[in-house]
Each structure stands twice: as C-alpha cells, then as structure tokens.
Amino acid sequence: MLREKIDSLLAQVEALQAEQAVEAEELRIRFLGKKGSITQLFDEFKTVPPEQKRELGQLINDLKNRATEKINTIKEQAGEAEQKQSALDSTLPGDALPLGAQHPISITRSEIIQIFSRLGYSVLDGPEVEDDWHVFGALNFAPEHPARDMQDTFFITSGDNPVILRTHTSSVQVRAMERMKPPIRILCPGRVFRNEAISARAHCIFHQVEGLYVDENVSFADLKQSILLFAQEMFGQGAQIRLRPSYFPFTEPSAEVDVSCNICKGKGCNICKGTGWLEIMGAGMVDPNVLEACGIDSAKYTGFAFGMGVERIAMLKWQIKDLRLYFENDVRFLRQFEAV
C-alpha cells in the first residue's frame with residue numbers, strides 16, 4: 001500500500017509544472033509542507049514491518065529529494081521568466097524627468113552679484129545672529145533710535161551688547177572694515193529679520209544685498225554712476241535713476257534711489273502708481289563716525305554704501321505683487337521660473 005503511494009507521488013512530481021514563482025511555492029507546500037503528501041508518508045512509515053523499513057525508507061527519501069530538486073528547478077525557471085517580463089526595454093524612449101527651477105530670490109540675488117562683480121566687488125558673508133555693536137552701535141545708531149525698539153528687532157539676549165537677529169547686512173560691512181584695510185569694495189548679500197506683521201508688502205524675513213566702497217577720493221558722483229550702471233544692467237539700457245534726499249544714521253548725505261518704471265517706460269501705470277518711478281534702494285556716503293568706529297582714518301578715506309531688498313527687485317523685475325509668494329513654496333508659482 002505504501003509502495004503504491006510512493007510510486008503515485010513520484011509520477012505526480014515528475015509531471016509538476018508552474019509558470020510563476022508563487023505557483024511553485026504552492027507546489028512545495030502541497031508536497032513538502034508540514035501537512036504535505038510526502039511528509040505524511042513518514043508518518044505511515046512508522047507502521048511498516050521492520051523487514052520493509054530499509055527498502056521503503058530509501059524510496060521515501062529518494063522521493064523527497066526528487067520533489068525538492070524538481071520544485072527548486074521550477075522556481076528558478078519561473079523567476080527567470082518573470083524577470084525577463086519585467087526587464088526594461090532599453091530601446092523604448094524614456095520618460096522625461098521634470099526639471100526643477102531656481103527660486104526667484106536666488107535668480108535675482110545671483111544677477112545682482114554678477115553685475116557688481118563685473119565692477120570689482122567681492123562677495124562677503126557674515127553671521128545672521130549678531131551683537132548690538134555690529135548691527136547698530138558701529139553704524140552710528142543712537143541708543144534711543146527707534147530701530148533698537150522691540151517692535152523692529154528680534155532680541156535673543158539683553159544687556160549692554162545684546163545678541164540679536166541682524167536687521168540688515170550692514171553688520172557684514174562693519175566686520176569687513178574692522179579687519180580689512182582700504183581700498184575696500186565688497187558686496188554683502190544675506191537674509192535679515194525684522195519684527196513686522198506679515199502681509200503682501202512686508203515680511204519678518206527678507207533678503208538684502210548691500211555694497212560698500214571705501215578708498216581715497218571716493219565721491220557721491222562715483223556712487224551715482226555705480227547705481228545707474230546697475231539699474232541699466234538689471235532693468236535695461238533705457239533705465240534712468242533719480243536720487244531723493246533721505247536720512248540714514250550711517251550715511252551722510254543719504255538718498256533714496258528710484259528707477260524709471262520698466263513697465264510703462266516712465267509714463268505712469270498701476271505698478272508705479274502713476275509716478276513713472278519705482279523705489280529700489282537706499283544709499284549714501286559713509287558717515288565719518290562709522291569709519292572711525294571701525295578703525296579707518298576718515299580724514300584720509302571716504303566711501304559710499306548702498307542697500308537693496310532682493311524681494312523688492314524681484315517684484316519689480318517680474319511684477320510679483322505679494323511678498324508671501326516667495327516663502328510659500330507653491331509649485332505653481334515656482335514653475336513659472338523654469339525657463340529663467
């Protein structure tokens with residue numbers, strides 16, 4: 001009886017076939033699993049008369065080995081077939097990967113740096129977490145100046161020289177003048193922080209690019225010509241500038257700089273509010289007190305400084321009307337700059 005079962009199972013094993021690896025695994029369980037047909041033969045083998053155990057035991061072992069070999073072969077063949085089916089066809093055209101885009105702030109910042117680099121300016125960076133001296137004290141800010149108020153500045157510590165988040169990149173200029181000797185011609189791009197309510201026209205985080213030129217016989221005419229060249233490089237050769245008197249603690253004389261509207265060409269539109277002009281930066285001659293505070297002889301050297309908001313320049317260049325778009329990472333907004 002047991003001999004007949006062995007012969008029957010051997011015939012079934014020899015006839016096994018499967019096209020998928022999962023089917024081959026089902027065959028293994030069916031024949032070799034804990035409750036498989038071949039496994040059950042070993043239970044029946046316990047009742048076999050002693051004189052038949054040697055012969056039938058050998059047959060069962062041979063059956064088990066043959067079944068294991070046959071099922072493993074089927075698994076390998078099925079696996080190779082599935083791999084060939086799933087293999088990539090290198091002759092088919094590939095799917096184009098979506099291209100990323102630079103952020104408009106990065107694009108504008110790079111363009112500003114490239115323009116002034118051609119004028120001989122070197123780029124310097126500095127810490128965003130600063131002390132009061134480098135942000136305010138060395139720049140001729142009086143102790144009672146409104147910019148020191150908590151409404152404008154993020155304070156980290158208190159004391160005589162508190163640690164703060166810088167409100168402008170002029171602190172980098174101070175550090176440069178402390179360790180460099182004239183001539184100094186530097187550009188200071190970076191992120192700054194001010195305690196302001198977030199709206200379409202203001203944000204508590206924004207980016208600046210400030211420039212400084214200190215040497216003998218530097219004049220206001222040099223400042224005006226440098227800014228005019230920048231405006232024409234950034235907004236087109238037809239761009240014009242105008243300088244309006246202003247006040248900054250660290251420059252004297254000081255001016256607000258406007259550029260002719262590149263949308264209406266100075267005729268007046270809703271972007272420039274009908275004036276034909278758009279404000280782009282503040283500038284002026286470095287106050288002698290600032291030079292002396294940084295260890296530079298104000299009797300021998302003069303200099304000019306300017307500073308602009310990168311968001312502001314980007315708004316004018318691409319007519320972006322809401323500052324918050326720069327920080328929201330909306331893919332629909334960013335994809336508009338893929339070709340820039």
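Starting from 1, each residue takes its place in the sequence as its number. Bear in mind that the values here come from a model prediction, so they are computed numbers and not experimental data.
Closest of all the heavy-atom pairs between Ala200 and Asp322 is CA-OD1, 3.2 Å.
Outside the 6.0 Å centre-distance limit, the rings of Phe193 and Phe154 are not counted as a close aromatic pair. In summary, the aromatic rings of Phe230 and Phe116 are positioned with their centroids under 6.0 Å apart. The ring of Phe327 has its center closer than 6.0 angstrom to the ring center of His203.
Classified by interplanar angle (parallel below 30°, tilted 30° to 60°, perpendicular above 60°), the ring pair Phe248/Phe250 is parallel. Between His168 and Phe141, the ring-plane angle classifies as tilted under the 30° and 60° cut-offs.
The CG atom of Leu291 sits 9.0 Å away from atom CG of Asp297, with the distance rounded to the nearest 0.5 Å.
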Please list every donor-acceptor pair under 3.5 Å in which a side-chain atom of residues 308-316 meets a protein atom from a residue at least two apart or in another chain.
residue, atom, partner, partner atom, Å
Glu311, OE1, His207, N, 2.9
Glu311, OE2, His207, N, 3.2
Glu311, OE2, His207, ND1, 2.7
Arg312, NE, Glu279, O, 2.9
Arg312, NH2, Glu279, O, 3.4

Worksheet entry | CA sep, side-chain torsions, deciding dist, call: Val129, Leu165, side chain to side chain contact (heavy atoms under 4.5 Å, CB included) | CA-CA 5 Å; Val129 180; Leu165 296 181; 3.9 Å; yes

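Under the 4.5 angstrom side-chain criterion for Ile, Leu, Val, Met, Phe, Trp and Tyr, the cluster partners of Phe206 are Val192.
The existence of a salt bridge linking Asp152 and Arg194 is excluded, since no basic side-chain nitrogen approaches an acidic carboxylate oxygen closer than 4.0 Å. Between Arg175 and Glu178 there is no salt bridge, since none of the side-chain N atoms of the basic residue sits less than 4.0 Å from a carboxylate O of the acidic one.
At distances below 3.5 Å, at least one donor-acceptor pair connects side-chain atoms of Thr302 with backbone N or O atoms of Val218.
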